[in-house]
*Asks:* 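Below are the structure tokens for one structure; questions will follow.
Excluded from the calculations below are hydrogen atoms, water molecules and symmetry mates; all remaining heavy atoms, backbone and side chain alike, are included. Everything numeric in this text was worked out from a predicted model, so none of it was measured.
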Amino acid sequence: MRAPRRPLRTLSGCARGAGLMLALVMASQAAALEIVSARYDGLTTRYPHGVLGDDVEYDTLSVRLSDGREVSARWAEVIVFEDLAPRVVDVTGDGAPEVVTIESHARAGARLAVWGLVDGTLRQIAATPHIGTRFRWLAPAAIADLDGDGRVELAYVDRPHLAKVLRVWRFDPSRPDPLTQVTSMDGVTNHKIGWDYIAGGVRDCGSGPEMVLADARWTEVVAVRFDGSGLFPERIGTYSPDALEAALTC
């Protein structure tokens, strides 16, 4: 066993049905409460993928509320949080934070999920589809309004070790299913098997947000811009870990 892993950096430089049973440990009844922090608890080895350097994942998401109390939700079977740390960020645009996680299903692989407070209870409010196969993972690249339209996009690299596809999903709280994939692009990555961090992130050098990633062969650093419908990559320079990190600071 290992885990917990390296502390997660922010995404402006981001580092690390079947069988569904959520055990809600505590719940707040005050509608005005907000999530102020989050962590994973409940080490488990029931999903021995090892993509983050060990076979240990988590079964519980715990959040601290603005009144100091905690609310937790636990996957009792089938699903684990195959992740570095939860990301606390306002996804819905209402000014209060949600929590974004990576969850993996024993048979269907990973998905990106958004959790929030619903009537004082911690609940999953949206999720992308699972990749579809056991031991297939995704690495987040951005959680931001990438095109300036006032709605938040969630981007990740689908199977960063195999498919290397950047997918962008838009969160629209007016829709019954709030997450919609709006575009994708082949040929980029942000993680190697065994790394306990995710490379790259989001920068803004004065002309709007760009996702900073590596090309599929780990030879170049690329900046990818989203204009609301498509993705546009631009080569920044030769890849090295230091060069990718430097690109985040323009």
*Asks:* Side chain to side chain contact (heavy atoms under 4.5 Å, CB included) with Met185: which of Val224, Val165, Val168?
*Replies:* Val224
*Asks:* Consider only side-chain heavy atoms of I, L, V, M, F, W and Y, link residues closer than 4.5 Å, and tell whether Ile79 and Val63 are in one cluster.
*Replies:* yes
*Asks:* Applying ring pair (Phe, Tyr, Trp, His ring centres under 6.0 Å), which residue pairs with at least one partner in residues 117-137 are found, sequence neighbours left out?
*Replies:* Tyr47-Phe135, His49-Phe135, His105-His130, Trp137-His191
*Asks:* A side-chain contact here means heavy atoms from C-beta on lying under 4.5 Å apart; do Val212 and Val221 qualify?
*Replies:* yes
*Asks:* Would you say Glu98's side chain and Val114's backbone share a donor-acceptor pair under 3.5 angstrom?
*Replies:* no
*Asks:* Would a 4.5 Å heavy-atom cut-off, applied to side chains only, mark Ile125 and Pro178 as touching?
*Replies:* no
*Asks:* Just say parallel, tilted or perpendicular for the rings of Trp218 and Trp195, cut-offs at 30° and 60°.
*Replies:* perpendicular
*Asks:* Checking Arg87 side chain against Val100 main chain: does a donor-acceptor pair fall under 3.5 Å?
*Replies:* yes
*Asks:* Are Val80 and Trp115 connected, step by step, through hydrophobic side chains (Ile, Leu, Val, Met, Phe, Trp, Tyr) whose heavy atoms are closer than 4.5 Å?
*Replies:* no
*Asks:* Using 0.5 Å steps for rounding, measure from the OG1 atom of Thr189 to the CG atom of Asp186.
*Replies:* 12.0 Å
*Asks:* Is a side-chain donor or acceptor of Arg203 paired with a backbone partner of Thr249 at a separation under 3.5 angstrom?
*Replies:* no
*Asks:* Hydrophobic clusters here meaning ILVMFWY residues chained together by side-chain heavy-atom distances under 4.5 Å, can you tell me if Val118 and Val91 are in one?
*Replies:* yes
*Asks:* Under 4.0 Å between a Lys/Arg side-chain N and an Asp/Glu carboxylate O for Asp119 and Arg123?
*Replies:* no
*Asks:* Hey, are the side chains of Val51 and His161 touching, using non-hydrogen atoms and a 4.5 Å cut-off?
*Replies:* yes
*Asks:* If you measure from the Lys or Arg side-chain nitrogens to the Asp or Glu carboxylate oxygens, is any gap between Arg39 and Asp41 under 4.0 Å?
*Replies:* yes
*Asks:* Roughly how far, to the nearest 0.5 Å, is CZ of Arg159 from CZ of Arg136?
*Replies:* 8.0 Å
*Asks:* With the side chain counted from C-beta on, respond yes when Val182 and Phe226 share a heavy-atom pair under 4.5 Å apart, and no when they do not.
*Replies:* yes
*Asks:* How many angstroms lie between atom CD1 of Ile236 and atom SG of Cys250, to the nearest 0.5 angstrom?
*Replies:* 8.5 Å
*Asks:* Using modelled atom types and a 3.5 Å cut-off, is there a donor and acceptor pairing between side-chain atoms of Arg225 and backbone atoms of Asp147?
*Replies:* no
*Asks:* Hey, are Asp172 and Arg170 close enough for a salt bridge, meaning a charged N less than 4.0 Å from a carboxylate O?
*Replies:* no
*Asks:* For residues Thr128 and Arg167, is any side-chain donor paired with an opposing acceptor at under 3.5 Å?
*Replies:* no
*Asks:* Closest approach of Ile131 and Asp158, non-hydrogen atoms and distance?
*Replies:* CD1-OD1, 3.6 Å
*Asks:* Do Val56 and Thr45 make a side-chain contact, defined as non-hydrogen atoms from C-beta onward lying under 4.5 Å apart?
*Replies:* yes
*Asks:* Minimum heavy-atom separation for Thr44 and Asp59, please, with both atom names.
*Replies:* CG2-N, 4.1 Å
*Asks:* For Leu166, which of Leu213, Asn190, Thr183 qualifies under side chain to side chain contact (heavy atoms under 4.5 Å, CB included)?
*Replies:* Leu213
*Asks:* For a quick test of reading the model, state the closest non-hydrogen atom pair linking Thr60 to Ser72 and the distance between them.
*Replies:* CG2-CB, 4.0 Å
*Asks:* First locate atom CD of Glu153, then atom CG of Asp145, and finally report the distance between them rounded to the nearest 0.5 Å.
*Replies:* 5.5 Å
*Asks:* Tell me, please, which residues at least two apart from Ser66 pass side-chain contact (heavy atoms from CB on, under 4.5 Å).
*Replies:* Leu33, Glu34, Val36
*Asks:* Can you list the residues that meet the ring pair (Phe, Tyr, Trp, His ring centres under 6.0 Å) rule with Tyr40, with sequence neighbours excluded?
*Replies:* Tyr58, Phe81
*Asks:* Would you mind reporting whether Pro86 and Leu61 have side-chain heavy atoms less than 4.5 Å apart?
*Replies:* yes
*Asks:* Under 6.0 Å from the CZ atom of Arg217, do we count more than 12 heavy atoms belonging to anything else shown?
*Replies:* no
*Asks:* With a 4.5 Å cut-off on side-chain heavy atoms, are Gln124 and Thr101 touching?
*Replies:* no
*Asks:* CD1 of Ile102 to CZ of Arg111: how many Å apart, nearest 0.5 Å?
*Replies:* 12.5 Å
*Asks:* Nearest 0.5 Å, what's the CG-OG distance between Leu122 and Ser62?
*Replies:* 8.5 Å
*Asks:* Side-chain contact, heavy-atom cut-off 4.5 Å: Val152 with Asp90?
*Replies:* no
